[in-house]
2 protein chains.
Amino acid sequence: MATEIRREQAEARLRAVGLKVTAPRLAVLDAVTGHGHLDADAVHTRVMAELPATSLQSVYNVLGALAEAGLLRKIDPAGSAARYESRTGDNHHHLVCTGCGAVADVDCVVGEAPCLTPSNTGGFAVATAEVTFWGRCAECQAASG
Amino acid sequence: MATEIRREQAEARLRAVGLKVTAPRLAVLDAVTGHGHLDADAVHTRVMAELPATSLQSVYNVLGALAEAGLLRKIDPAGSAARYESRTGDNHHHLVCTGCGAVADVDCVVGEAPCLTPSNTGGFAVATAEVTFWGRCAECQAASG
DNA sequence: GAGTTGTTTTGAGTCATTCAAAACAACTGC
DNA sequence: GCAGTTGTTTTGAATGACTCAAAACAACTC
Ligand SMILES: [Mn+2]
Ligand SMILES: [Mn+2]
Ligand SMILES: [Zn+2]
Ligand SMILES: [Zn+2]
């Protein structure tokens with residue numbers, strides 16, 4: 001069945017980055033993959049549906065490990081909790097709603113980091129350029145002008 | 001004397017945005033102006049040198065009011081406390097050191113927000129584009145490869 | 001100078017996140 | 001297969017940056 005194949009692929013990805021294969025890690029990967037930009041609490045809720053004993057602390061541990069290993073990407077927009085997503089390696093950017101905090105993806109025209117180069121680097125060795133667009137999502141526009 | 005003139009100009013700027021002129025506000029404006037990117041605690045330390053009775057809560061209140069009024073700009077890089085600066089109205093960007101958190105200014109080639117336009121807006125009404133360059137500052141490079 | 005409104009202080013509270021230690025489970029090599 | 005080693009999860013507590021609320025106070029208005 002398809003879920004079996006997905007599980008084996010997830011296991012392989014964990015091993016490939018040198019992480020032990022554990023139930024919480026598989027559950028977190030599964031909870032995040034294809035579900036947009038989730039904060040730790042939302043991941044925990046989703047994980048618990050499948051693995052009820054999982055602690056929130058474990059979710060934090062796992063998200064941290066997976067993000068560090070490059071299996072997940074972490075974004076941290078000002079004013080809300082950190083979000084995690086499964087879309088990695090393409091250096092895309094984000095739109096964040098100032099009303100409700102909703103996050104949407106924006107394709108990067110360049111694709112690899114850093115996609116922009118600062119005019120004056122001030123001696124910094126620049127690794128990445130993070131672009132966040134702030135605005136109001138369609139729903140928040142409809143709700144209040 | 002020069003400080004007198006500066007104080008009167010600061011008073012005028014507060015009045016211009018409809019804020020009452022108070023000692024903590026003048027002290028915070030003075031503490032931030034021309035001193036880079038300071039967090040609330042650093043502002044509090046500087047303010048207390050001049051106005052020792054000032055509470056940290058007041059510094060938060062004042063920074064919030066001044067930023068909302070456009071007299072200060074607030075930036076909130078992931079992983080560190082919010083910073084405030086006096087350079088406003090030019091939509092410049094920032095370099096942040098992943099080692100020590102140091103912040104440097106980067107001129108925006110466009111100058112006005114939003115200086116970039118997302119490829120796909122997903123229905124968002126985009127107001128600003130925030131660009132943060134992440135890298136290592138000169139000192140952190142020297143310290144450890 | 002009294003009144004009104006906005007500001008500051010004081011003190012407590014919140015939230016996302018982290019720390020630490022003990023219990024536990026995955027992989028290694030026999 | 002099983003013990004040993006190492007990494008992971010759980011539990012419980014702590015942290016730091018920031019916010020909330022109410023009372024004391026001060027700036028501006030008339
Ligand atoms: Mn994304
Ligand atoms: Mn700046
Ligand atoms: Zn919205
Ligand atoms: Zn540095």
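Naming: A, B, ... by sequence-line order, numbering from 1 per chain.
- Counting only heavy atoms from C-beta on, K20(B) has its side chain closest to dT5(C) among dT5(C), dC20(D), dT9(D).
- One atom, CZ of R25(A), and another, P of dT10(D), lie 11 Å apart when rounded to the nearest Å.
- Computed from coordinates, the Y60(A) OH to dG12(D) P distance equals 19 Å when rounded to whole Å.
- A65(A) comes within contact range of no nucleotide atom at all, as no heavy-atom separation falls under 4.0 Å.
- The CG atom of D76(A) sits 13 Å away from the C1' atom of dA17(D) (whole-angstrom rounding).
- Of the possible donor and acceptor atoms, none in the side chain of E130(A) sits under 3.5 Å from a partner among the backbone N and O of I75(A).
- With hydrogens and angles ignored, the 3.5 Å screen pairs no side-chain donor or acceptor of R7(A) with any backbone N or O of L26(A).
- One finds no side-chain N or O of S58(A) lying less than 4.0 angstrom from the OP1 or OP2 phosphate oxygen of dT9(D).
- Computed from coordinates, the L56(B) CG to dA12(C) C1' distance equals 14 Å when rounded to whole Å.
- Note on T22(A): only backbone sugar-phosphate atoms sit closer than 4.0 angstrom, heavy atoms only; bases stay farther off.
- Side-chain nitrogen and oxygen atoms of R15(A) include at least one within less than 4.0 Å of the OP1 or OP2 phosphate oxygen of dC27(C).
- Here dT17(C) presents its P atom at 10 Å from CZ of R83(A), a figure rounded to the nearest Å.
- Rounded to an integer number of Å, the gap from D41(B) CG to dG16(D) P is 11 Å.
- In this structure, the CD atom of E68(B) is 14 Å from the P atom of dG6(C), given to the nearest Å.
- When each of K74(A) and A23(A) is assigned the nucleotide of DNA chain C bearing its nearest heavy atom, the one mapping closer to the 5' terminus is K74(A).
- The main-chain N or O of T54(A) is found under 3.5 Å from a side-chain atom of H44(A) such that the two form a donor-acceptor pair.
- Side chain of R46(B) to main chain of L38(B): no donor-acceptor pair is present (N/O by atom type, distance under 3.5 Å, no hydrogens or angles).
- Proximity note for L19(A) (side chain, C-beta onward) versus dT17(C), dT8(C), dT8(D): the nearest is dT8(D).
- dG11(C) atom C1' lies 14 Å from atom CG of N61(B), rounded to whole Å.
- By the criterion of side-chain heavy atoms lying less than 4.5 angstrom apart, applied directly or through intervening Ile, Leu, Val, Met, Phe, Trp or Tyr residues, V21(B) is grouped together with L19(B) in one hydrophobic cluster.
- Taking every side-chain heavy atom of A40(B) into account, dC18(D) is the closest of dC18(D), dC28(D), dT18(C).
- Each of V62(A) and A82(B) was matched to the nucleotide of DNA chain D holding its nearest heavy atom; the match closer to the 5' end belongs to V62(A).
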